[in-house]
Amino acid sequence: MTDLLYSETEDDLRSAVRSLLTDRCGAPELLAAVESGTPGDLQLWPALAAEMGLAGLLVPEKSGGQGATHREAAVVLEELGRSVAPVPYLTSSVVATEVLTGLGAGNTAATELLATLASGECVAVLAVPLTTAPGSVPVLPGLTGTVSAVADAAAAQVLLVPTADGLYAVGARDPGVTVEPLVPLDLTRPPATVTLDGAQGNLLAGPEDSRVALHRGLLAGAGLLASEQLGLAEWCLEETVRYTRERHQFNRPVGGFQALKHRMAQLWLEIVSARAAARNAADALATDSSEKALAVSVAQAYCSRVAVHAAEECIQLHGGIGMTWEHPAHLYLKRAKSDAVALGSAGMHREALAELADLAGPR
Amino acid sequence: MTENSPQPDNTAQPDAEALRLRTRELLAAHPPASTGRTDFLRARFDAGLAWVHYPAGLGGLGTPRSLQSVVDAELEAAGAPDNDPRRIGIGLGMAAPTILRYGTDEQKRRFLRPLWVGDEVWCQLFSEPGAGSDLAALATRAVRDGDHWTVTGQKVWTSSAHLARWAILIARTDPDVPKHRGITYFICDMTDPGVEVRPLRQITGEAEFNEVFLTGVRIPDTHRLGPVGDGWKVAQTTLMNERVSIGGSRIPREGGMIGPVVKTWRERPELRTHDLHQRLLALWVEAEVARLTGERLRQQLVAGQPGPEGSGMKLTFARLNQEISGLEVELLGEEGLLYSDWTMSRPELVDFTGRDAGYRYLRSKGNSIEGGTSEVLLNIVAERVLGLPSEPRNDKDAAWKDLAR
């Protein structure tokens, strides 16, 4: 059976990440950075990636990483979710890193690129729409074409481009490459359109090896996204409880009204369950369990809804202030809703489960 | 029972190995194959292997509760009989811990052994027609009469009352003080004159519960548990033990109410529709997540980190059982229109899996009411876990007799 608890090391890691985010990514700083259109100005990424070495958590030690597992990366994502931190951790340190690891230690080009990701010098993103579910990767005919809604592409130095010939690494600032930022729903994980027009790239692997590695990357991404959703939901509930205990209406704290108490208690139940589902997915990925695809789809089918529900309740139970730009709740709703379509919607993961759990539909 | 009472064990607290040896000695002296069930259970109690965390002489050896699994594993491997904890669940889960904590030495000696062996079944006379979720509002009166109390009132939703020899009972002994302070806790002999048990037929057609009418029942003061007027505090021990306990056992995937539905789904493709498929997948995910949540809670308990999560499991399972059983009736189509049998029966146990979908649908409606309604449990989560303000209380300082009923 999977280990669903947190280890002492994981608790220590959480404290370190939380303390950094508390210092550098509080609501006022985050809002200011988002408004200026330069969320990178928080200087969060260098601190997380290089100083704390978190970018290399999933990279084997001999490739310059920490050789940690998905369990630790999941804890980092819980904390990043609590702060809706604008860093390319999920896209570069999880998805791209897992794709490159999946190409194998014998792949010199991939291994060298992995080392630069681990050190935090370089950010790489997979050039597919953020909505891509594991098992359904769109492929360009060659290094010409357009890919929309590529998350964190504007922050990347390298794009990993799946094509009919296999997977290419392409410099994001190279000739023939255009990265055009879009106006995002989620201000903290901005997507961009990537246009390739006869770009040059380094072919990392042929179509078959690429397919396996891409699946691995997207599966890890979807599984660990559940932990980000868990952290996000936790923040929303804690903040709502804190606010409704203090906010008085009708000469009582509004948190004392049963209609509101029950809604917050219900959210707590969902979060307790989301934690079990997210931990199960992280552990299944870490141990390379034969059930990892099932564990990931269960976690995504469940946690997407919980995160959106928590963010929506956070807005509603904050009343008027929940609708304002000044209060950070809107950043959480925007992230939660975008997360719900990222890496496969809940519905797509339920469809995957129809097969994985032997529950086929009508003929 | 005194003829078989063991000598108190004054040796050092046994460890796992000592318990294993002690269990093997019990098995050697009373081979299960040639020993009667009850004789074996009595011998096991006297050897201190019934509930090892109880004191020596009362079925235990004063060791940590977790070591019980060592004994249970040895006994199971040897094919020894167990004491059917489901049938005697109320005695085992509620009466015993309360007697152990608040009982006199004489009460402990008298009641614990036959309770554990299953010679005497217990029931719980707490809820009343006018005091369900507001249990402390109860109106059953106990009036002192020398060295006895005279009890009059009505209790309801009493499982096992028709089988029980004894009951734990709470009754009002002082109507002039606020409701929580005027209650006293008793042990009631269900065979005494004035105790009348009537089956209470339910939504399912069967009578799993009873109404119990108490008319001038005389209870000796020696059958009082705890001080006069302190019954609410004593009852807290009972009620804390009523909470759904998630023990050492792991639930397999599809182990709960979802099991029969997915079996039907797989075996009978002709029943499948797209709408049912969507709903089934969603509920399958929820059932799997609930299983994982229970497993995480179990791992927390094993690791000695009990959290507040346990208080939520009953809420989750109640809602899920109702939704899943509702879907099952629809999935069965024409068969869902039928019901196995409306003849009134008196089951000893609730058997969810042995009955049909219609029964499961109807019976699961009780899951969100029995053992604390979901509404009350949500308040508990909101107040004790999340720290939200308490419900306003206008009954706290008023005398019970002045409350609206």
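Looking only at distances, no side-chain donor or acceptor of R296(B) sits under 3.5 Å from a matching main-chain atom of A276(A). Counting only distance, with no hydrogens or angles, the side chain of W268(A) and the backbone of G312(B) share no donor-acceptor pair below 3.5 Å. Judged by distance alone, the side chain of R245(A) and the main-chain N or O of P389(B) form no donor-acceptor pair under 3.5 Å.
If you measure heavy-atom distances from S374(B) to chain A, you find no contacts under 4.5 Å at all. For E291(A), the part lying under 4.5 angstrom from a heavy atom of chain B is the side chain only. For a residue to count as touching a neighbouring chain, one of its non-hydrogen atoms must lie under 4.5 Å from one of that chain's; by this rule P308(B) touches chain A with backbone and side chain alike. Within the 4.5 angstrom heavy-atom criterion, atoms from both the backbone and the side chain of A357(A) approach chain B. Proximity to chain A is limited to the side chain of E288(B), based on heavy atoms less than 4.5 angstrom apart. Contacts between L294(A) and chain B at a heavy-atom distance below 4.5 Å involve the side chain alone, from C-beta outward. The contact between N280(A) and chain B is made entirely by side chain atoms (from C-beta outward), counting heavy-atom distances below 4.5 Å.
For the atom pair OG1 (T2(A)) and CG (L292(B)), the distance works out to 6.5 Å, reported to the nearest 0.5 Å. To the nearest 0.5 angstrom, E375(B) atom CD is 6.5 Å from H262(A) atom NE2. Atoms CG and CZ, from L378(B) and R263(A) in turn, are 13.0 Å apart once rounded to the nearest 0.5 Å. Once rounded to the nearest 0.5 Å, the distance linking CG of L297(B) with CG of L4(A) reads 11.0 Å. L388(B) CG to L260(A) CG: the interatomic distance, rounded to the nearest 0.5 Å, is 9.0 Å.
Counting heavy-atom pairs under 4.5 Å between each of R363(A), R275(A), R279(A) and chain B puts R275(A) at the top. Interface summary for chain A: among A290(B), S390(B), A382(B), the most heavy-atom pairs under 4.5 angstrom belong to A382(B). Per-residue heavy-atom pair counts under 4.5 Å with chain A were compared for R253(B), Q300(B), Q299(B), Q305(B), and the maximum is reached by Q299(B). Of the listed residues (S297(A), P253(A), A360(A)), the one with the most heavy-atom contacts under 4.5 Å to chain B is A360(A). For the set V298(A), D3(A), L5(A), the entry with the most heavy-atom pairs within less than 4.5 Å of chain B is L5(A). Among the candidates Q258(A), E238(A), M264(A), the residue making the largest number of heavy-atom pairs closer than 4.5 Å to chain B is Q258(A). Chain A forms the most heavy-atom pairs under 4.5 Å with one residue out of T316(B), L315(B), V385(B), N379(B), and that residue is N379(B). Between chain B and the options A346(A), G256(A), G347(A), the largest number of non-hydrogen pairs under 4.5 Å is found for G256(A). Across E254(B), E309(B), R266(B), the residue that shares the most heavy-atom pairs under 4.5 angstrom with chain A is R266(B).
Scanning residues 270-285 of chain B against chain A with a 4.5 Å non-hydrogen threshold yields R272(B), T273(B), H274(B), H277(B), L280(B), L281(B), A282(B), W284(B), V285(B), sorted by number.
No more than 12 heavy-atom neighbours from other residues, nucleotides or ligands sit within 6.0 angstrom of OH on Y361(B). For CH2 of W157(B), the number of neighbouring non-hydrogen atoms (other residues, nucleotides, ligands) closer than 6.0 Å is 12 at most. Counting non-hydrogen atoms of neighbouring residues, nucleotides and ligands closer than 6.0 angstrom, the NZ atom of K337(A) reaches no more than 12 such neighbours. With a 6.0 Å radius and a threshold of 12 heavy atoms from other residues, nucleotides or ligands, E391(B) has its CD atom above the threshold. More than 12 non-hydrogen atoms from other residues, nucleotides or ligands lie less than 6.0 angstrom from CD of E246(A). Around atom CZ of R252(A), more than 12 heavy atoms belonging to other residues, nucleotides or ligands sit under 6.0 Å away.
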**Study point:** Test log, rule side-chain contact (heavy atoms from CB on, under 4.5 Å), inputs L386(B) and L237(A)
**Key:** CA-CA 9 Å; L386(B) 298 178; L237(A) 176 60; 4.1 Å; yes
